[in-house]
Each structure stands twice: as C-alpha cells, then as structure tokens.
Amino acid sequence: MLVLGIETSCDDTGVALYDDKEGLKAHALFSQVRHAAYGGVVPELASRDHIQKLLPVIDALLQESKTELSDLSAIAYTAGPGLAGALLVGAALARALAFALAIPALGIHHLEGHLLAPKLEADAPDFPFLALLVSGGHTLLADVQGLGRYTILGESRDDAAGEAFDKSAKALGLGYPGGPAISAAAAQGHDAGLRLPRPLTDRPGLDFSFSGLKTALLQAARAQPLDDIRRAHLAYALQDAIVDTLVIKCRRALLATGHTRLVIAGGVGANQTLRDRLTEETQNLKVALYYPRPAFCTDNGAMIAYAGCQRLVAGQTDRGEFGIRPRWPLNELTPP
Ligand code: KG4
Ligand code: ZN
C-alpha cells in the first residue's frame with residue numbers, strides 16, 4: 001500500500017511517499033522562508049505559498065521516485081490543528097486528487113504525525129512509550145499506548161516551548177525561526193551567572209508554562225545594552241532554562257508512569273542541547289531514548305504519510321469527511 005502524505009498546517013509544504021512494506025520511499029519539503037521578514041508566520045502568505053508550491057513539489061516527488069499517480073493506494077493529509085487557510089490547501093488538493101484517482105483520502109491529526117515520527121527511523125520505538133512533544137504550537141507529555149491511544153499527562157498552560165524560543169529570539173533581534181537562531185547564538189555564549197526561572201518545576205504536576213520565561217528574558221535584555229556577547233549569554237540562559245524545565249518534567253513523568261521508552265517529537269526536538277541532556281538523563285534512569293532525525297522533528301510530509309498508512313493498514317476507511325479542524329484536541333483521537 002503506497003500512501004502520499006501531504007502536510008500544509010503552517011509554513012512548510014511537506015510531501016512524502018510511504019509504503020507499508022518498503023517503508024519511506026521519498027520525501028520533499030518546501031520551507032517558506034519569506035515569513036522571516038515579518039518575525040513570524042503570516043497566515044495569508046502561507047496559504048498562497050502552499051497553493052503555488054504544493055503541486056510542483058508533488059510532481060517532483062513522483063518524478064524523483066519514479067512513481068505514477070496510478071501507483072498510489074491512498075492519500076493522507078493534515079486536517080488539523082493548524083492555520084485554517086493553509087490546511088484547506090492541502091485538504092482540497094488531497095480530496096480532489098483522491099476523488100479523481102478513486103482512492104481513499106484520510107485527514108490526519110498533525111500531532112499524531114509528530115508523535116509517530118520516530119517510527120520512521122531504523123531504531124523505532126515499540127508501543128507503549130512516553131512522548132515529549134515540543135513544537136511551535138504545542139508542548140505536552142503524552143502517554144502513548146498505541147495508534148490513536150494517547151493520554152495527555154501534562155501540557156503548556158500558555159506559550160509552547162517553541163513559541164518561547166521564537167518570541168525570545170525576536171526580542172533579542174535574532175531572527176525567525178527562533179529555535180535554531182537561539183541555539184546558534186547560545187553556542188557562542190556560556191553560563192554568565194544569569195539564571196532564568198524553570199517555571200512550574202517547584203511544585204508537583206506535569207504542566208508547563210513558558211510565557212513568564214519570555215518576560216524574564218525581556219527584562220534581562222533591557223537591563224543592559226545588547227551587544228553580540230550579551231545576546232549570546234542571554235540565548236544560553238534561555239536555552240538552559242527551557243531545556244532544564246523539559247528535562248525535569250520528563251524525569252518526573254518517567255518516574256510516575258514507569259515507562260521504559262521516551263520519545264522526543266516536534267520542532268524543538270531538533271535542539272541538540274535538549275537531546276544531549278535527555279540522553280544523559282535517560283541513561284541514568286535506564287530508559288531508552290528515541291527521536292527522529294531533525295528533518296522529521298520539524299514539520300514534514302513523511303510523518304503524515306506514515307500515520308495515514310498505519311491507520312489504513314489497521315482498517316480505517318475514508319469516511320468522506322472534507323472538513324478541516326484548525327483546533328483539534330489530541331485526546332479526541334480514537335484508534336482506527
Ligand atoms: O514542529 P514544528 O516544525 O512546527 C509546529 O508544529 O509548530 O516546530 C517549529 C518550532 C519553532 O518554534 C522553532 O523555533 C522550533 O520548532 N525549533 C527549534 C529548533 N528547530 C526548530 N527549537 C529549538 N532548537 C532547534 N534547533
Ligand atoms: Zn508541527
């Protein structure tokens with residue numbers, strides 16, 4: 001069964017081909033860099049770019065992998081959560097193409113894609129596992145028992161971890177997206193005695209809160225004139241605080257649940273300092289750590305093709321639902 005995956009929930013146009021027997025056959029991504037000029041994603045521009053890029057990216061994917069449209073068994077597309085206009089571009093194209101080819105189309109939950117992305121790798125985790133999902137829009141710890149069987153153990157009450165990176169980078173004049181910019185700047189800095197808060201770590205529970213951290217950084221940034229060295233130290237302090245907070249909550253969740261596998265997913269999962277710290281922590285706890293390659297941490301079509309393929313193989317059928325779900329709580333998902 002060969003599934004075409006389409007991801008257009010935000011500013012990346014991602015496509016991929018996943019085969020249930022042969023695995024990932026090809027994947028391609030067009031990243032919309034023009035939002036950098038605005039310091040964040042402009043939804044209308046994102047939709048227009050998806051309209052322009054989606055068909056050429058699919059054409060190139062099919063050509064590169066020597067695949068004909070008639071080889072496709074199904075199409076999986078991101079139905080939510082995400083930007084309504086951007087989601088509609090992917091959903092409309094997926095539905096139209098599936099209708100023309102008389103094959104099923106499935107709307108996939110973007111976060112399910114992220115949660116399952118580590119399964120695209122050779123060293124794939126078996127169910128069940130604990131997942132730390134850290135992206136630009138979400139920060140949550142989930143108990144993953146199987147396909148569509150997700151329980152949220154804790155989540156952010158305000159900003160997501162990626163949002164804290166993005167907003168702080170903007171405040172420091174470091175550009176967009178903020179995660180890679182902060183981590184590059186932090187590599188030039190060191191612990192200069194500036195300690196930012198580790199929100200909600202001083203009380204029980206697995207929820208997160210990152211909006212106060214961003215304010216603390218802003219205040220520290222205003223306290224002294226900003227030059228490159230000061231920026232690097234502030235970036236270091238911010239990354240240290242975010243990573244520390246995430247590691248403390250992961251350890252707490254692992255001890256509370258007894259899970260022996262931890263999966264990191266979502267764009268912030270590409271952060272090397274987070275990976276290094278979690279590697280150390282999980283070794284101490286004798287827990288196996290899994291994460292996808294950086295390109296499959298950030299938004300991509302492969303995770304959507306994979307999730308769609310798994311659901312189809314498990315018997316899910318196309319219910320003909322066209323609707324997109326810009327807001328779609330993860331805990332509403334059910335097994336196929
Ligand atoms: O998963 P993703 O591509 O999109 C969403 O679903 O939100 O995540 C994007 C987020 C952005 O906030 C970006 O700044 C962050 O992931 N990010 C990183 C890194 N690469 C991307 N954050 C920290 N370190 C990185 N290396
Ligand atoms: Zn995402």
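Numbering of ligands and ligand atoms starts at 1, following listing order.
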C10: heavy atom below 4.0 Å from ligand 1, yes or no? no
Give a yes/no on ligand 1: does A160 have at least one heavy atom closer than 4.0 angstrom to it? no
Can you check whether [X] has an N/O within less than 3.5 Å of an N/O in ligand 1?
X    : answer
P180 : no
N271 : yes
F165 : no
H110 : yes

Kindly indicate whether a cation-pi arrangement holds for K119 with Y306, taking the cut-offs as under 6.0 Å to the six-membered ring centre and within 45° of the axis. no
Donor-acceptor side-chain pairing of [X] and [Y] below 3.5 angstrom:
X    : Y    : result
N284 : E280 : no
E121 : Y290 : no
Q188 : D228 : no

Can you tell me which N/O/S atom of D299 has the shortest distance to the Zn ion (ligand 2)? OD1
Atom name in H110, limited to N/O/S, at shortest distance from the Zn ion (ligand 2): NE2
Ligand 1 versus [X], non-hydrogen atoms closer than 4.0 Å: side chain, backbone, both, neither?
X    : value
D299 : both
H114 : side chain
H138 : neither

Restricting to non-hydrogen atoms, name the atom on L289 and the atom on R275 that form the minimum distance, rounded to 0.1 Å. CD2-O, 4.3 Å
Hey, what's the ring geometry for H110 with H114, parallel, tilted or perpendicular (30° and 60° as the breaks)? perpendicular
Once side-chain hydrogen bond (donor to acceptor under 3.5 Å, both in side chains) is applied, what residue pairs with a partner in residues 81-105 remain, sequence neighbours excluded? Y77-R95, R95-D318
Neighbour count >12 (heavy atoms, 6.0 Å) for atom CG, L226: yes
Using a 4.0 Å cut-off to any heavy atom of S135, which atoms of ligand 1 qualify? 1 (O), 5 (C), 6 (O), 7 (O), 8 (O)
Give me the residue, atom name and distance of the protein heavy atom closest to [atom].
atom                    : value
atom 22 (N) of ligand 1 : G179 CA, 3.2 Å
atom 17 (N) of ligand 1 : G267 O, 3.5 Å
atom 14 (O) of ligand 1 : D166 OD1, 2.7 Å
atom 7 (O) of ligand 1  : G136 N, 2.8 Å

